[in-house]
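This report concerns only the one structure given below.
Side chains are part of it too, since the values below use all heavy atoms of this structure and drop only hydrogens, waters and symmetry mates. Numbers for residues simply follow the sequence, beginning at 1.
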Amino acid sequence: MIPRPGNIIRGLTLLLGVLTFGSVGAFAQSGGNTFYSFLDIPSSTLAYGLGGMNISNIDDDINAADRNPGLLGSEVDMQLGINYMRYVGESNFAGIKFGHSAGDHGAWAAGVQYMGYGSIKGADVNGVLTGDFSPKDMILSGTYAHDITDRWRGGATLKYVYSTYDAYSAMALGTDLGVNYYDPDRDLSFSAMIANLGGQIKRFDRRYERMPVDIRLGLSKGLSSIPLVLSVTAHDLTRWHLPYYDAGDGSEDSTPQLKDKFMSNLFRHLIFGADFSPSDNFHIGLGYNYRTRTDMSTYKRSFLSGFSACMGLNVRNFALGIAFAQPHTGATTLMLNISTRLYEF
């Protein structure tokens with residue numbers, strides 16, 4: 001018996017929503033769409049360590065090119081970057097990026113990102129096993145950025161997305177548009193962007209799946225007394241209400257409580273980060289994502305839920321980065337970055 005496409009796609013929607021833990025709460029509690037939520041998973045250890053999303057912290061690592069196209073500049077000239085992430089369950093993500101200057105005031109970058117979710121047992125509508133399959137997603141991206149003035153820079157990223165789940169596949173095109181303002185005298189960086197504009201060009205089935213369009217704002221400010229940059233990123237600005245259920249202590253007597261107050265909604269839109277760089281060759285960062293913590297508000301969530309950390313080190317011709325987060329006791333995630341400038345060899 002041939003399994004029904006709708007049943008498989010709905011099941012995979014839930015599966016991928018759980019894998020992308022930052023989105024499952026939005027889907028289950030706010031009516032969001034978990035399809036293409038993997039587009040919001042960064043490939044940069046800096047972004048992941050600073051709360052999972054950061055669009056304003058200045059970084060010359062090509063692995064960070066997908067944070068905000070308005071941050072890309074000629075400083076990534078001839079830079080090659082590789083990223084790897086051990087994600088939830090058996091999920092493994094990996095990618096490669098290359099950047100090059102385009103004159104004195106422009107730059108471009110190209111990359112490919114692969115998301116594999118491990119092996120899953122397939123079954124038809126009667127529960128008869130049909131064999132294992134491995135769902136996967138792939139993103140091909142191209143970015144161009146240009147200096148508008150000596151302090152403003154703008155850029156755009158075009159993304160082609162291919163997904164294959166068992167015998168079904170889909171394709172989509174998306175665009176990120178972003179600008180950045182940087183004042184070196186005050187060590188102040190401000191960014192604004194629209195992420196994931198676009199839609200499907202080939203559907204899994206008859207239903208159209210939306211992309212997670214998002215408006216984001218970011219601010220990073222360096223402190224004059226110590227080499228510390230503080231950041232705040234506002235995301236999901238297309239809607240205000242982001243309610244969630246607090247499960248309490250998880251006991252049988254506890255009743256989940258709906259949280260939809262002003263302060264709860266405000267902080268579920270905000271991500272905080274701090275990046276300490278005592279030298280040009282070393283940095284360490286810490287982030288806090290209140291939305292991740294509240295989405296994991298069960299008695300089994302980790303003490304570290306919502307927190308993330310990263311570290312970067314420059315060794316000769318290479319830049320190395322590592323980031324860690326544990327949103328749930330059963331979900332320890334680790335990301336690695338490596339980059340180098342090819343002209344230095």
Side-chain angles (χ1 to χ4, degrees), residues 39-40 42-47 53-83 94-114 138-162 172-185 187-198 211 214-220 229 231 233 280 312 314 316-321 337-345:
L39 292 172
D40 293 332
S43 59
S44 160
T45 54
L46 178 66
M53 184 183 298
N54 184 291
I55 66 170
S56 56
N57 197 303
I58 303 299
D59 187 16
D60 62 356
D61 185 1
I62 186 61
N63 286 300
D66 58 357
R67 292 190 299 139
N68 174 8
L71 293 175
L72 187 70
S74 57
E75 57 271 10
V76 302
D77 187 36
M78 291 295 291
Q79 192 175 151
L80 179 70
I82 299 173
N83 66 83
I96 186 170
K97 292 181 176 66
F98 177 75
H100 200 289
S101 62
D104 295 331
H105 301 284
W108 61 265
V112 58
Q113 199 72 18
Y114 168 85
M138 183 175 293
I139 307 169
L140 301 177
S141 64
T143 301
Y144 178 77
H146 196 84
D147 294 339
I148 302 171
T149 68
D150 60 342
R151 294 189 176 182
W152 283 95
R153 178 180 292 170
T157 297
L158 180 64
K159 297 179 286 190
Y160 167 78
V161 183
Y162 176 76
L173 286 177
T175 301
D176 295 343
L177 304 174
V179 294
N180 173 258
Y181 169 85
Y182 179 60
D183 183 350
D185 298 328
D187 199 6
L188 174 69
S189 174
F190 169 77
S191 291
M193 68 174 295
I194 301 177
N196 304 319
L197 287 171
M211 298 185 74
D214 193 8
I215 297 176
R216 302 166 184 169
L217 299 174
L219 180 68
S220 295
V229 177
S231 300
T233 304
D280 293 336
N314 293 330
R316 295 187 178 181
N317 298 333
F318 295 92
L320 309 175
N337 281 176
I338 183 170
S339 63
T340 186
R341 301 181 187 278
L342 299 181
Y343 61 72
E344 293 182 352
F345 288 90

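Residues D104 and S74 bring no donor and acceptor atom of their side chains to less than 3.5 Å of each other. Counting only N and O atoms by type, the side chains of Q113 and N83 include a donor and acceptor under 3.5 Å apart.
The minimum heavy-atom distance linking S191 with S56 is given by the pair OG-CA, 3.6 Å. Closest non-hydrogen pair, S220 versus V229, comes out as CB-CG1, 3.9 Å. Shortest non-hydrogen contact noted between G73 and R153 is CA-NH1, 3.2 Å. Between K97 and I62 the shortest heavy-atom distance is CD-O, 3.4 Å. Across all non-hydrogen atoms, the minimal contact from A65 to L72 is CB-CD1, 4.3 Å.
Once rounded to the nearest 0.5 Å, the distance linking CG of N57 with CD1 of I55 reads 11.5 Å.
Taking the six-membered ring for Trp and the full ring otherwise, the centers of W152 and Y181 sit less than 6.0 Å from each other.
With N337 contributing its side chain and T45 its backbone, the two residues share a donor-acceptor pair below 3.5 Å.
Here the rule is salt bridge (Lys or Arg N to Asp or Glu O under 4.0 Å) with D176, and of R67, K159, R216 only K159 fits it. Shown are D61, N63, T340; of these, the side-chain contact (heavy atoms from CB on, under 4.5 Å) with Q79 is made only by D61.
Annotation for H146: atom NE2 counts as buried by contact number, over 12 foreign heavy atoms lying within 6.0 Å.
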